[in-house]
Novice: 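Mind looking over this structure? Questions follow.
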Amino acid sequence: MAAEKISLYNLADLKNTSDDALPNYLNSLKFKQSHTLTDVRLAVGYGAFVLAAACFGWDYRFGFDNTKYYTAGAVVAYAVLNAFLTFWITSVEKGTVYQGTAPSGERITIRSSSKKNDPTYYLTVIVEGKTGGEPQSIETSRSFAAWFDETGRFVAKPFQEYLANAVPAIGRQDPAKLKSASQDLLDANPDLLDAVMAGAGKAKGSEGAAAATAAAASTTTAAEPTEKKGKRRKN
């Protein structure tokens, strides 16, 4: 997958490649993937195909007049199956690309989406604790350019770092991919490091000057009683 080039102007390919990389990464972290949503969709789809094939078979074998009532029932059943399939995809799956359970027992559901003329990968992650309770919803997004190079090749490491930092349940399973927010800022703007170091140097110099001033003030304060003690009082 990493060696395959895709067009950087094709948002569908960018999204599909990212979607395909997601389960590969999570399964490598010992997440146990659930295929329930896909299995239901396949079952409904194959069921509709079998019904259509059977309808053709008995019409061919017995003729339309002898099977017209069965054909009418099959048409209604086929319409119901397709309506259910549409409902399942739009209202249940809702763009789900991964469902699974982490080694720690947390159950996660990841939904992805993209918008027209917007090269951004949008994720909604729902995390359910192993002891139940209110599910946690995480919404995050990142430009596809973060893990696709200029030639259109998918680069796995930045994609994995993005997921590990965006979703704590993933980051706990792959702490090596975690990066601090300050490190991300420095990576994005290397000139910032020079400014930070220069600021630290100035702060250190200021601390030294303040210490010298405090020492001088302490010396002056300590010398004052001695000077006053040496003076005689005039009558």
Novice: Rounded to the nearest 0.5 Å, what separation is found between the CG atom of N82 and the CG atom of L51?
Specialist: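 Spacing of CG (N82) from CG (L51) equals 10.0 Å.
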Novice: Does L81 share a hydrophobic cluster with W88, counting links as ILVMFWY side-chain heavy atoms below 4.5 Å and allowing steps through other members?
Specialist: yes
Novice: Grab the two heavy atoms, one from K30 and one from P103, that are nearest each other, plus how far apart they are.
Specialist: O-CG, 3.5 Å
Novice: How about S137 and T124: do any of their side-chain heavy atoms sit closer than 4.5 Å?
Specialist: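 S137 vs T124: side chains touch.
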Novice: Give me the atom names and distance for the closest heavy-atom approach of T120 to S141.
Specialist: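 So the minimum-distance heavy-atom pair works out to CG2-CB, 3.7 Å.
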Novice: Check N117 against L11 and note the closest heavy-atom contact, atom names and distance.
Specialist: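 So the two residues come closest at N-CD1, 3.6 Å.
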Novice: Kindly give the heavy-atom pair with the smallest separation between Q173 and A169, and that separation in Å.
Specialist: CG-O, 3.5 Å
Novice: Distance-only, no hydrogens or angles: does the N24 side chain make a donor-acceptor pair with backbone N or O of D20 under 3.5 Å?
Specialist: yes
Novice: Let's go through N66 and W58 carefully: what are the C-alpha distance in whole Å and the side-chain angles of both, what is the deciding distance for side-chain contact (heavy atoms from CB on, under 4.5 Å) to 0.1 Å, and is it a yes or a no?
Specialist: CA-CA 9 Å; N66 295 327; W58 68 55; over 6 Å; no
Novice: Roughly how far, to the nearest 0.5 Å, is the CG atom of L29 from the CZ atom of R172?
Specialist: 12.5 Å
Novice: Would I138 end up clustered with L123 when hydrophobic side chains under 4.5 Å apart are linked, directly or stepwise?
Specialist: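 Shared cluster, yes.
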Novice: Could you tell me the separation between the CZ atom of F49 and the OH atom of Y78, rounded to the nearest 0.5 Å?
Specialist: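 Atom-to-atom, F49:CZ and Y78:OH are 10.0 Å apart.
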Novice: Do L42 and V40 belong together in a cluster built from hydrophobic side chains that touch within less than 4.5 Å?
Specialist: no
Novice: Is it the case that one hydrophobic cluster holds both V97 and I6, taking links as side-chain heavy atoms less than 4.5 Å apart, direct or via other members?
Specialist: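 In one cluster: yes.
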Novice: Measuring only between side-chain heavy atoms, which start at C-beta, is F31 closer than 4.5 Å to Y98?
Specialist: yes
Novice: Hey, could you give me the OG1/CG distance between T17 and L22, rounded to the nearest 0.5 Å?
Specialist: 12.5 Å
Novice: Of the options Y121, F148, F144, which is the one that meets F154 in a ring pair (Phe, Tyr, Trp, His ring centres under 6.0 Å)?
Specialist: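 Result for ring pair (Phe, Tyr, Trp, His ring centres under 6.0 Å) with F154: F148.
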Novice: Name the residue from R107, E93, R111, K32 that meets the side chain to side chain contact (heavy atoms under 4.5 Å, CB included) definition with Q99.
Specialist: R107
Novice: Any donor and acceptor pair, going by atom type alone, linking the side chain of N165 with main-chain N or O of K177 inside 3.5 Å?
Specialist: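 Checked: pair present.
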Novice: So if you build clusters from Ile, Leu, Val, Met, Phe, Trp, Tyr with side-chain heavy-atom gaps below 4.5 Å, do V127 and Y25 land together?
Specialist: yes
Novice: To the nearest 0.5 angstrom, please state how far the CD1 atom of I170 sits from the CD1 atom of I108.
Specialist: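 Result: 4.5 Å between the selected atoms.
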Novice: How close do D59 and F64 get, heavy atom to heavy atom, and via which atoms?
Specialist: OD1-CA, 3.1 Å
Novice: At what distance, to the nearest 0.5 angstrom, does CD1 of I89 lie from CZ of F84?
Specialist: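 Going from the CD1 atom of I89 to the CZ atom of F84 covers 10.5 Å.
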Novice: Kindly determine whether L26 and I110 satisfy side-chain contact (heavy atoms from CB on, under 4.5 Å), including the steps that lead there.
Specialist: CA-CA 11 Å; L26 295 185; I110 302 178; 3.8 Å; yes
Novice: For the residue pair D174 and A164, what are the closest heavy atoms and their distance?
Specialist: O-CB, 4.3 Å
